[in-house]
Amino acid sequence: MFAVTAARIDADNPLNGLELGERPEPTVPEGWTTVTVKATALNHHDVWTLRGVGIREDRLPIILGCDAAGIDEDGNEVIVHSVIGDPDRGGGDETLDPKRSLLSESYDGTFADRVAVPRRNLVPKPASLSFAEAACLPTAWLTAYRMLFDKAGVQPGSTILVQGAGGGVATALTALGAAAGYRVWATSRSEDKRKSALELGADQVFETGARLPERVDAVMETVGQATWGHSLKSLRPGGRIVVSGATSGQLPPAELNRVFFLQLSVVGSTMGTRDQLVRLARFLDRTGVRPRIDRTLPLEQAREGFAAMAEGDLFGKIVFTR
Ligand SMILES: NC(=O)c1ccc[n+]([C@@H]2O[C@H](COP(=O)([O-])OP(=O)(O)OC[C@H]3O[C@@H](n4cnc5c(N)ncnc54)[C@H](OP(=O)(O)O)[C@@H]3O)[C@@H](O)[C@H]2O)c1
């Protein structure tokens, strides 16, 4: 079958390790099943893998891709939950299973004609979502859903700041937050992306690092080092940063004085449970909110999508179709 594979690690030029071509059909362990992939979406995770972050070199070659929407063995339209974990080992939450992985970390991923997944990882795709839209949900949109509605500890009407408005997670945060009645403020390095964030439902937009009109209740961080200081400064006393990514670097100054003096909270967040994915799909079905798709490409042209993401040249999700 056709697949997009990480064959080598190159921290500086991640696209060097990308290979497109024939791979063996998936092997299907007991309790697992296969999905014929109709659409899949690119995440920064795929670029990190090519850079050697979060993967062991001895696991290569591995098929990339965390996200998929497709057809199961019984002909049902499904979304694939990407977290391979045992809820029992995680105290009822598979993302907290110490042995959990995402597709494309230990097991082959979704950038292929077919992907093998545990049966419990299939979620019905609402008929109102296209395969391309549904393919955006399992990683970026699920992460945003959990950050906002599980981890942020704010109520509708609160003000939240989304750093790096153009990203896949960030566009999901803006659209979901606006639909849920939050006042969403967003930052971006690009004027075009700031305008697009307003179209998505942001209430106000700012240049990266700009002083805000007032302090916010919570900050949604995926950028990391480049925006961390601004995130800390932008919080009201008692406010909370929810962090799920560090695209620009993971070692900003901690500014501990600010954290304790203003009684700030820093909360980590990763992916979401299968139940949260079900609720996210229902939220989109009920509200009409849809993922912002930057571009849709045939999987054979995946290299173009990877290049755009590595350059930061996108607004929303890059979707690959079969
Ligand atoms: N923990 C999890 O479960 C989870 C899930 C999904 C993603 N993530 C992580 O979250 C991050 C975002 O993922 P994604 O898929 O949304 O990536 P993405 O679509 O590539 O978005 C990255 C965004 O970060 C901003 N950015 C990058 N470098 C910057 C810099 N130097 N200064 C300011 N802004 C910068 C950009 O925003 P502007 O161009 O608008 O400024 C860019 O659009 C990644 O690090 C990813 O690994 C984690």
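Hydrogens, waters and symmetry mates play no part in the numbers below; they use all other heavy atoms, side chains included. When a ligand or atom number is given, it counts from 1 through the structure's own listing order.
In this structure, Asp217 and Thr159 have side chains that are in contact, with non-hydrogen atoms separated by less than 4.5 Å.
With respect to atom 39 (O) of ligand 1, the closest heavy atom belonging to the protein is Lys193 NZ, 2.7 Å. In terms of protein heavy atoms, atom 45 (O) of ligand 1 is closest to Thr247 OG1, 2.9 Å. Remark: minimum distance from atom 5 (C) of ligand 1 to any protein heavy atom is reached at Thr143 OG1, 3.1 Å. Atom 21 (O) of ligand 1 has Gly167 CA, 3.1 Å as its closest protein atom, hydrogens excluded (heavy atom only). Counting only heavy atoms of the protein, atom 24 (O) of ligand 1 lies nearest to Val223 CG2, 3.8 Å. For atom 19 (O) of ligand 1, the nearest non-hydrogen atom of the protein is Gly168 N, 2.8 Å.
Residue Val169 holds the heavy atom nearest to atom 7 (C) of ligand 1 of all those in Val169, Leu102, Asn43. Among Arg189, His45, His44, the residue whose heavy atom lies nearest to atom 41 (O) of ligand 1 is Arg189. Which of Gly245, Ser244, Gly249 comes nearest to atom 48 (C) of ligand 1 through a heavy atom is settled by distance: it is Ser244. With atom 3 (O) of ligand 1 as the reference point, the heavy atom nearest to it among Met271, Glu221, Gln250 is part of Met271.
Within 6.0 Å of NZ in Lys151 there are more than 12 heavy atoms belonging to other residues, nucleotides or ligands. Heavy-atom neighbours of Arg258 CZ from other residues, nucleotides or ligands within 6.0 Å: above the threshold of 12. Annotation: Gln250, atom CD; neighbour count of heavy atoms from other residues, nucleotides and ligands within 6.0 Å does not exceed 12. Around the CD atom of Glu22, the shell of radius 6.0 Å holds more than 12 heavy atoms that belong to other residues, nucleotides or ligands.
Not one N or O of Ser248 is nearer than 3.5 Å to an N or O of ligand 1, by distance alone. Polar contact with ligand 1: absent for Leu314 (N/O pair, distance under 3.5 Å).
Legend: residues meeting side-chain contact (heavy atoms from CB on, under 4.5 Å) with Ser101, ordered by chain and number and at least two apart, are Ile84, Glu105, Ser106, Tyr107.
Atoms of ligand 1 found under 4.0 Å from any heavy atom of Ala165, numbered from 1 in the order shown, are 40 (O). Each of the following atoms of ligand 1 lies closer than 4.0 Å to a heavy atom of Ala246: 45 (O). Heavy-atom proximity to Trp48, at under 4.0 Å, picks out these atoms of ligand 1: 44 (C), 45 (O), 46 (C), 47 (O). For ligand 1 and Met309, the ligand atoms under 4.0 Å from any heavy atom of the residue are 19 (O), 20 (O). Within the listing of ligand 1, atoms 38 (P), 40 (O), 41 (O) sit less than 4.0 angstrom from a heavy atom of Ser188.
Counting only distance, with no hydrogens or angles, the side chain of Ser82 and the backbone of Cys66 share a donor-acceptor pair below 3.5 Å.
Between the side chains of Thr187 and Gln163, a donor-acceptor pair is found at a separation under 3.5 Å. Judged by distance alone, the side chains of Thr95 and Asp93 do bring a donor and an acceptor atom under 3.5 Å apart. Between Ser244 and Thr143, the side chains place no donor N or O within less than 3.5 Å of an acceptor N or O (distance only, hydrogens not considered). Inspection of the Asn76 and Lys125 side chains reveals no N or O donor paired with an N or O acceptor under 3.5 Å.
Ligand 1 has at least one atom lying under 4.0 Å from a heavy atom of Ser269. Put simply, no part of Ser190 is less than 4.0 Å from ligand 1, judged by heavy atoms. Not a single heavy atom of Ala140 sits less than 4.0 Å from an atom of ligand 1.
For the side-chain contact (heavy atoms from CB on, under 4.5 Å) criterion with Glu77, the lone passing option out of Ile71, Leu129, Asp72 is Ile71.
Residue pairs meeting the ring-ring contact (aromatic ring centres under 6.0 Å, His included) criterion with at least one partner in residues 247-290, sequence neighbours excluded, are Phe149-Phe283.
Contact annotation for Phe315 and ligand 1: no heavy atom of the residue comes within less than 4.0 Å of the ligand. Only the side chain of Ala226 comes within 4.0 Å of ligand 1, judged by heavy-atom distances.
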